[in-house]
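Following: one structure in structure tokens, then a few remarks.
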Amino acid sequence: MINPEIAAVFDEIADLLELTGGDRFRVNSYRKAARSIEDLTEDVADLANRGELKKIPGVGKGTAERIMQYLKTGRIHVHQELLESIPRGLPELLTVPGLGPKKVQALHRELGVGSMADLEAVIADGRAEKLPGFGKKSVEKIAEGLAFLKRSAGRTPLGAVLPLAEGLRDAVREFAGVRRVEIAGSARRGCETVGDIDLLCIAEDGEQVVKSFTELPEVTGVRAAGETKGSVLVAGPIRGEIQVDLRVVPEESFGAALQYFTGSKEHNVRLRELAVKKGWKLNEYGLFEGDRPIAGREEAEIYEKLGLRPVPPELREDRGEIECRGETPRLVSLADLKGDMHVHSTASDGRSTIEEMAEAARQRGYSYLAICDHSKSSVIANGLDEARLLRHIQDIRAAGKRINGLTLLAGIECDILANGKLDYSDDVLAQLDWVIASIHSAQQQDRASLTRRSIAAMENPYICCLGHPSGRLLGRRDAMNLDWDEIFAAAARTGCALEVSASWQRLDLKDVHIRQAIDAGCRFAISTDAHSTEQLDQMPLGVQTARRGWATADDVLNTWPESRLREWIAARRKAGR
DNA sequence: GCCGTTTTCGGCCCGACTGTTTTCAGTCG
């Protein structure tokens, strides 16, 4: 997949143009093209072969030609020219909070600053402070920005950030005069990682609320504190620091503000364009005709006035939700789920017993639960050999008889071995109700081998679901190098489901792949891969990920009643024999 | 550089906060 590479080049062209004082609309159009290419699930090279580059939103004649240049020669003329005229280290300076294109230009032009090290030097010796437009305070801000960059947590997995965000939300709720607080931003959209935390509240005295916010015990630094907005730093849940923004709005603007601060930026720009076309203006205070507000209290009325059905937060990415005027499919929701199809027990590496997991699932309102411990090759995870597995199946069935109102499915997470074979024979797999096949070893194999292994597993009629298909761990391990077109085609052809792991470290499949798989005709199982009862509560993250992939309840087989699920499993086995 | 039910040119989203200002530019989201 060459897309990320090309997107990065276009992003750098945008940075470089900005640094040379290029036309800002031209800069924007490079950024837009970069983002579109990044979002594509299809390889740009394939589109180019079919002469369909201009079908990519934001790609016109010029950009299409530049993509062709890159595909043929590995470089783009304008990019090379810009690189030659601008010092290598300059674009990086744009990442420093407090430094934008104008200030970087001035630093370069007046003081010859061309790198982070140069920047630190001119701050230290006081020369930066003397530049026109600079001053003691702004240079202090830049120095703080540099320090933050070194301590920054970067993008953090949503599942790790949520407890922190919810804690801060609850703290703000206790402030005097605060009537409502919500988490907005990428956390509300269910993005797999977040860069900062956005909070929004209703209160009359904004200044007082912002002051209380900056004085919270968690706060390690204050970026800004005004009458309607505060911006602070707190310790990140995994490492470094993370920024938290609080906005205070009046009640009659809350819907508009929630819409605005939920984003995404690209989605908002599209909405504002719609407003402008109707002769109106949209901002965080409402939708206005002249000075007269025509919507703002409720988020939904903003969309409706603009001629759209209200768009679920997970779909607000400018990935087609505007074009279909908000007429998106009815997305799967947590309430639709009837069971968790992948949990472990103390039989392998789980921390809770079969009975404890079953009881916890029952309490969460599920009607079935698949116990899927590790197979024998996962030695580190205490995987089950054939003899232990057969006893384990009996244990699951016995536990199932003891619990009321919940069906226990005897399952396994069967390793797909390095040679492509499964960890058990078909005779053994046939004893089970539900079988997941996962790759846990030899993840560094080449693309063809990994793809072949995954497909071979899906072709076995006893395999119901491909577990955490990409194998990625957010921020820790990249996805395996797989041919997704082939994987999804095979899943659709064989009928094997694909897992959407709700585990916050995984979220695997990810949103854009889910959408691509739906288009290919695939089905899914959303599961937590819980290793203890409390991890069952990660399910909402998996549901949000599926929603971001535009999945409906019918696409997800653990929304089905048990009878339909069992029929589906039986039919698949029958067809495969 | 892109784009079109204001279409082949002339637009292109909007406001808060800060600092250096003397009325506003730069940055950020």
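Predicted model, so just to flag it, every value in this text is computed and none were measured. By convention in this document, chain letters (A, B, ...) are assigned in the order of the sequence lines, proteins followed by strands, and residues within each chain are numbered from 1. Because only heavy atoms are used, hydrogens play no part in the values below, and waters and symmetry mates are left out as well, while side chains stay in.
- Annotation: B:dT18 and B:dC12 have their P atoms spaced 29 Å apart (nearest Å).
- Contact between A:V194 and A:S186 at its shortest, heavy atoms only, is CG1-OG, 3.3 Å.
- Spacing between B:dT21 and B:dT27 at atom P, rounded to whole Å, works out to 15 Å.
- Here the P atom of nucleotide B:dG1 and the CD atom of A:Q69 are 11 Å apart, to the nearest Å.
- A donor atom on one side chain and an acceptor atom on the other are found under 3.5 Å apart for A:S470 and A:D508.
- If you take atom P in B:dC17 and the same atom in B:dG11, they sit 31 Å apart, rounded to whole Å.
- Between the CG atom of A:L199 and the P atom of B:dG29 there is a distance of 15 Å, given to the nearest Å.
- The heavy-atom pair separating A:I197 from A:A165 by the smallest distance is CG2-CB, 3.9 Å.
- Both A:K54 and A:L94 lie near DNA chain B, and the one whose nearest nucleotide falls closer to the 5' end is A:K54.
- Backbone-only engagement by A:G98 is indicated by non-hydrogen atom pairs under 4.0 Å involving sugar-phosphate atoms exclusively.
- In this structure, A:R26 places its CZ atom 16 Å from P of B:dC3, rounding to the nearest Å.
- Counting non-hydrogen atoms under 4.0 angstrom, A:R31 reaches nothing in the nucleic acid.
- When all heavy atoms of A:P540 and A:L334 are compared, the pair lying nearest together is CG-CD2, 4.0 Å.
- Atom-to-atom, CG of A:L19 to P of B:dG26 comes out at 14 Å; the value is rounded to the nearest Å.
- For the residue pair A:S231 / A:D245, a side-chain donor-acceptor distance below 3.5 Å is found, with atom types taken as modelled.
- In terms of heavy atoms, A:L107 sits closest to A:A128 at CD2-CB, 4.3 Å.
- Counting only heavy atoms from C-beta on, A:Q243 has its side chain closest to B:dG29 among B:dG1, B:dT6, B:dG29.
- Straight-line distance between the C1' atoms of B:dT20 and B:dG26: roughly 11 Å, to the nearest whole Å.
- Among all heavy-atom pairs drawn from A:L71 and A:A48, the shortest one is CD1-CB, 3.5 Å.
- Computed from coordinates, the A:I142 CD1 to B:dG26 P distance equals 13 Å when rounded to whole Å.
- The residue A:V96 sits close only to the backbone: its heavy atoms come under 4.0 Å of sugar-phosphate atoms, none of a base.
- The cationic atom of A:R247 (NZ for Lys, CZ for Arg) does not lie both less than 6.0 Å from the six-membered ring centre of A:Y260 and within 45° of the ring axis.
- For the residue pair A:E241 and A:T220, a side-chain donor N or O sits within less than 3.5 Å of a side-chain acceptor on the partner.
- Checking A:Q243 against A:R223 by side-chain atom types alone, a donor-acceptor pair falls below 3.5 Å.
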Seminar exercise, completed: Per-nt protein contacts along nucleotides 9-15 of chain B (heavy atom under 4.0 Å; B base, S backbone sugar-phosphate only, - none) come out as ---BBBS
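- In the model, A:S264 has no side-chain atom that pairs as donor or acceptor with a side-chain atom of A:R316 under 3.5 Å.
- Comparing the same atom, C1', in B:dC2 and in B:dT7 gives a spacing of 13 Å after rounding to whole Å.
- Remark: the separation of the P atoms in B:dG4 and B:dC13 is 14 Å, to the nearest Å.
- Rounded to whole Å, atom C1' of B:dA16 lies 8 Å from atom CZ of A:F261.
- Of the side-chain N and O atoms in A:K102, one or more sit less than 4.0 angstrom from OP1 or OP2 of B:dG26.
- When heavy atoms are screened at a 4.0 angstrom cut-off, A:L99 is found touching the sugar-phosphate backbone but no base atom.
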Between protein and nucleic acid, restricted to nucleotides 18-20 of chain B and to nitrogen or oxygen atoms under 3.5 Å apart, what atom pairs and distances do you find?
| from | atom 1 | to | atom 2 | distance (Å) |
| --- | --- | --- | --- | --- |
| B:dT18 | OP1 | A:A225 | N | 2.8 |
| B:dT20 | OP1 | A:G135 | N | 3.2 |
| B:dT20 | OP1 | A:G135 | O | 3.4 |
| B:dT20 | OP1 | A:K136 | N | 3.3 |
| B:dT20 | OP1 | A:K137 | N | 3.4 |
| B:dT20 | OP1 | A:S138 | N | 3.3 |

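- Rounded to whole Å, atom C1' of B:dC28 lies 12 Å from atom NZ of A:K103.
- Using N1 to N3 plus N6-O4 or O6-N4 for Watson-Crick, or N1-O2 and O6-N3 for G-U wobble, each under 3.5 Å, B:dT8 pairs with nothing.
- Distance, A:R270 CZ to B:dC2 C1': 12 Å, rounded to whole Å.
- One C1' atom belongs to B:dG1, the other to B:dT8, and the distance between them is 15 Å to the nearest Å.
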